[in-house]
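Structure first, then comments.
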Amino acid sequence: MQQQFKTESKKLLSLMINSIYTNKEIFLRELISNASDAIDKLQFESLTNPDVKVDQDSLAISLSFDKDARTITVSDNGIGMTEEELDQNLGTIAHSGSQAFKEANAEHQGKDVDIIGQFGVGFYSAFMVSDRVRVVSRKYGADQAFAWESDGLEGYSIDPAQPGERDGQGDHGTDVVLYLRESTENDNTDQFLSEWGLKDLVRKYSNYVRHPVQMMVTKSRQKPKPEDAGDDYKPEYEDYQELETVNSMKPIWQKQRSEVEDADYNEFYKSTFHDWADPARTISFHTEGALTYDALLFVPSQAPFDLYSKDYEKGLALYSDNVLIQEKCSDLLPDYYNFVRGIVDSPDVKLNISRETLQQNSQLRAIARNVEKRIHSELQRMLKNDRSKYEDFFKNFGRGLKFGIYSSYGSKASDLADLLLFWSAKEQKLVTFKEYVDAMPEAQDKIYYASGESRELVAQTPAVKGALAHGYDVLVCTEDVDEFMFQFMRSYHVDAVAGDSEHKGTDARDIDLANVSDANLDLATEDEKKAAEQANEDNKDLLASLKDDLDGKVTDVKVAASLDEDTPATVSSEGPLSLDMERRLAEQPGAPEDAPKAQRVLMLNPKHPVFGKLQAAKDDEEKLKLYGSILYDQALLVQGLPIGDPVEFAKNVTKLM
């Protein structure tokens, strides 16, 4: 019986085939989901109708292909469809029998049934790869099977099935036969006509459909050794066909943590996310309420080689009813946790009609907030209970946590600050902000840090040596993001601590962060400050002359109060731009020649013999200029900063010699 699609249906069908789906390979996901729904409906009937007798162990989805005929067949032994249901479900675009069934039996969803379908459009994705689709179905208990057939253009036919098509006793269920179009340069349908191609699609999109997806696969085995074979016999092999279940069915993330060994989680992680090493941490949890979902997350033990490249894609695999919706849903992870891999499966997320994206971002945001909290809690536990492993983790991924504070303009500092580690110049080990604060002298009111290319170079700078000499620890920062992070972080929040009869409590407070290379930083003792003030006053003409001789290279020349006795001079900075940030900005690709410069201050040590040489040369303009230039350049070198003119520096040293 030939029937025409209505004009509106024809337009909708064309839109469906050509516009709604962006990825053609999902056609198999949709057909397997429909088959799973059909089996679920039959199972439900068997539970509610005593006349329906079903062998539960025999229920399955079958998948086969014929390369010569260019057909793919998806079969199920579910509830099947009558002639009228074929017309209603397949002849009416966007009519979802599964959705109607789900709504009518909502109280049983997730218990006795697990209906996937929602929109009544997934079936038509078959026309993205097919010239023609034939559906043969026999309703459970019916005597006759019927066949629906269409080219997806004008109309469809529904006729009694041909002999041999679902005409056996108890042969209920549905066959969907796709007649694939010929491959072209831009439309490779041949990839679906192979064992490997179909198995790959099942495992990618439908691996966790609750019913077995079975397929005849080719395997190889050794032939029996002939009795008369000689010593030089070489084993012979033969191919054979075997029915194999190609999906895993129950996903590992829906199992209780107590049911799964760590080795099983590790193997799942490595095989799913293509990593050779076990994860550093596994996070598994189930949430019920306004949104129900399962999550299985992994913190890798090694950073992927492209983690910090622009090509790296973050995101968790998003499933709905065990069916893959998005391979990498970036909305589920903040950028600073982009290294986390895993899966979120929720039957409640509202999908768009193609089941490729979501309708309501608010649902995703709610899940993402909880995922972020769980990751944060797990990292805190690792830091507290497995310090060495956490330090390994931070070596791989700490840069991203710092970038999270910078990119959020400091708004995420309260969440991420306690996860950061820095090298302690005093303790010679990695410490947290809290550990630094707990070890601070009572009079210290700031957290001091210094930036540079390496720990060794930073530790040798006059500013760090001076801070250590005065009893203050310094956090050594060697990553390019450090200085930028501190510009937005500004301070570290310390929570209030309750006291008792033996220990005094402390109030909550914010402790400022300070770069020890800041020219205005005050680390000196009262006596050192008074001596420096007097030296500045006594030598103001000398300092002014040196500033003029340096001709705009510095904004000021001062006597320093707290340099150690071995350091004749150092270069510090004033204002928001530090010396290391100036260097980092200059190193950026495409940095302009007029990149921002720090306001440099040459700080002189009045206790060093060189200062006496400067005083002796104050009336010799040429010599004073030579001394000032050499002193400034060598101070830059000690800081690990480039000097403006290496040739001039060499000439000046030669002239001095």
Side-chain angles (χ1 to χ4, degrees), residues 1-14 16-17 27-28 30-39 41-42 45 52 60-66 68-98 100-101 117 119-182 189 192-193:
M1 179 177 61
Q2 187 69 30
Q3 300 190 43
Q4 297 291 312
F5 289 121
K6 293 180 180 179
T7 302
E8 294 80 3
S9 293
K10 286 167 63 176
K11 291 179 181 178
L12 182 57
L13 182 57
S14 176
M16 294 251 333
I17 296 170
F27 77 90
L28 193 61
E30 298 298 319
L31 297 181
I32 290 175
S33 295
N34 289 345
S36 177
D37 286 349
I39 294 175
K41 292 174 187 176
L42 181 60
E45 284 291 313
V52 176
I61 301 164
S62 298
L63 184 61
S64 62
F65 70 98
D66 186 325
D68 294 329
R70 297 188 64 77
T71 61
I72 295 174
T73 302
V74 180
S75 301
D76 67 71
N77 51 2
I79 197 163
M81 289 178 280
T82 64
E83 180 180 10
E84 292 76 15
E85 288 170 335
L86 280 169
D87 186 40
Q88 184 180 43
N89 294 337
L90 304 186
T92 306
I93 313 299
H95 173 81
S96 174
S98 291
F101 183 90
F119 302 109
V121 298
F123 165 77
Y124 304 99
S125 64
F127 289 105
M128 291 192 298
V129 296
S130 307
D131 287 326
R132 180 164 57 99
V133 178
R134 180 175 177 83
V135 180
V136 180
S137 190
R138 180 175 177 176
K139 184 78 171 185
Y140 179 87
D143 297 327
Q144 175 69 54
F146 289 88
W148 180 99
E149 191 165 337
S150 175
D151 59 5
L153 297 176
E154 296 297 328
Y156 58 93
S157 64
I158 301 179
D159 299 295
Q162 298 174 1
E165 291 183 318
R166 293 271 175 188
D167 58 3
Q169 182 66 30
D171 197 8
H172 53 83
T174 302
D175 300 325
V176 180
V177 185
L178 281 61
Y179 294 84
L180 267 60
R181 64 171 61 98
E182 293 292 332
T189 55
F192 307 126
L193 292 170

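What you see is a predicted model; the values in this text were computed from it and never measured. Heads up: numbering here begins at 1 and tracks the sequence. Side chains included, hydrogens not; waters and symmetry mates left out as well; all remaining heavy atoms used.
- Rounding to the nearest 0.5 Å places CZ of R134 at 11.0 Å from OG1 of T73.
- Taking T71 as the reference, nothing meets the side chain to side chain donor-acceptor pair (under 3.5 Å) condition, with sequence neighbours excluded.
- Between I39 atom CD1 and K41 atom NZ the span is 11.5 Å, to the nearest 0.5 Å.
- No side-chain heavy atom of N89 sits less than 4.5 Å from a side-chain heavy atom of W148.
- Applying the salt bridge (Lys or Arg N to Asp or Glu O under 4.0 Å) rule to D171 yields the partners R166; only residues at least two apart in sequence or on another chain are considered.
- Contact record, A38 with D76: CB-OD1, 3.8 Å, taken as the closest heavy-atom pair.
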>> As a quick check of understanding, evaluate salt bridge (Lys or Arg N to Asp or Glu O under 4.0 Å) for R70 and E182, giving each step before the final call.
In response: CA-CA 8 Å; R70 297 188 64 77; E182 293 292 332; 3.7 Å; yes
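- From L31, atom CG reaches atom CG of L63 across 9.5 Å, with rounding to the nearest 0.5 Å.
- Pairing each heavy atom of G155 with each of S150, the nearest pair is O-OG, 2.7 Å.
- Nearest approach of I79 to L42, heavy atoms of both residues: N-CB, 3.7 Å.
- For the pairing with K139, the salt bridge (charged side-chain N to carboxylate O under 4.0 Å, His left out) check across E85, E83, E45 returns one residue only, E85.
- In this view, F146 satisfies the ring-ring contact (aromatic ring centres under 6.0 Å, His included) rule with no residue, not counting sequence neighbours.
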> What's the verdict on side chain to side chain contact (heavy atoms under 4.5 Å, CB included) for L178 and F27, showing C-alpha distance, side-chain angles and the deciding distance?
Replying inline: CA-CA 10 Å; L178 281 61; F27 77 90; 3.6 Å; yes
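- Put simply, the side chain of S137 gets close to the backbone of G173: a donor and an acceptor are under 3.5 Å apart.
- Using the six-membered ring where Trp is involved, F127 and Y124 have ring planes that are parallel, under 30° apart on the 30 and 60° scheme.
- Across A69 and D66, no two heavy atoms sit closer than the pair N-OD1, 3.0 Å.
- Remark: Y140 engages H172 in a ring-ring contact (aromatic ring centres under 6.0 Å, His included) (not counting sequence neighbours).
- Note that the CG atom of N77 and the CG atom of D175 stand 10.5 Å from one another [nearest 0.5 Å].
- Shortest non-hydrogen contact noted between V136 and A147 is CG2-CB, 4.1 Å.
- Applying the salt bridge (Lys or Arg N to Asp or Glu O under 4.0 Å) criterion to D131, with sequence neighbours excluded, gives R181.
- Among all heavy-atom pairs drawn from I32 and I61, the shortest one is O-CD1, 3.8 Å.
- Separation of atoms CG (L90) and OH (Y156) is listed at 9.0 Å; rounding is to 0.5 Å.
- Legend: residues meeting salt bridge (Lys or Arg N to Asp or Glu O under 4.0 Å) with R132, ordered by chain and number and at least two apart, are E149.
- Distance CZ/F123 to OG1/T174: 10.0 Å, rounded to 0.5 Å.
- Formation of a donor-acceptor pair under 3.5 Å by the D87 side chain with backbone atoms of E84 is not found in this model.
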>> Checking L180 against I72 for the side chain to side chain contact (heavy atoms under 4.5 Å, CB included) test, could you report, in this order, the C-alpha distance in whole Å, the side-chain angles of both residues, the deciding distance, and whether it holds?
In response: CA-CA 8 Å; L180 267 60; I72 295 174; 3.9 Å; yes
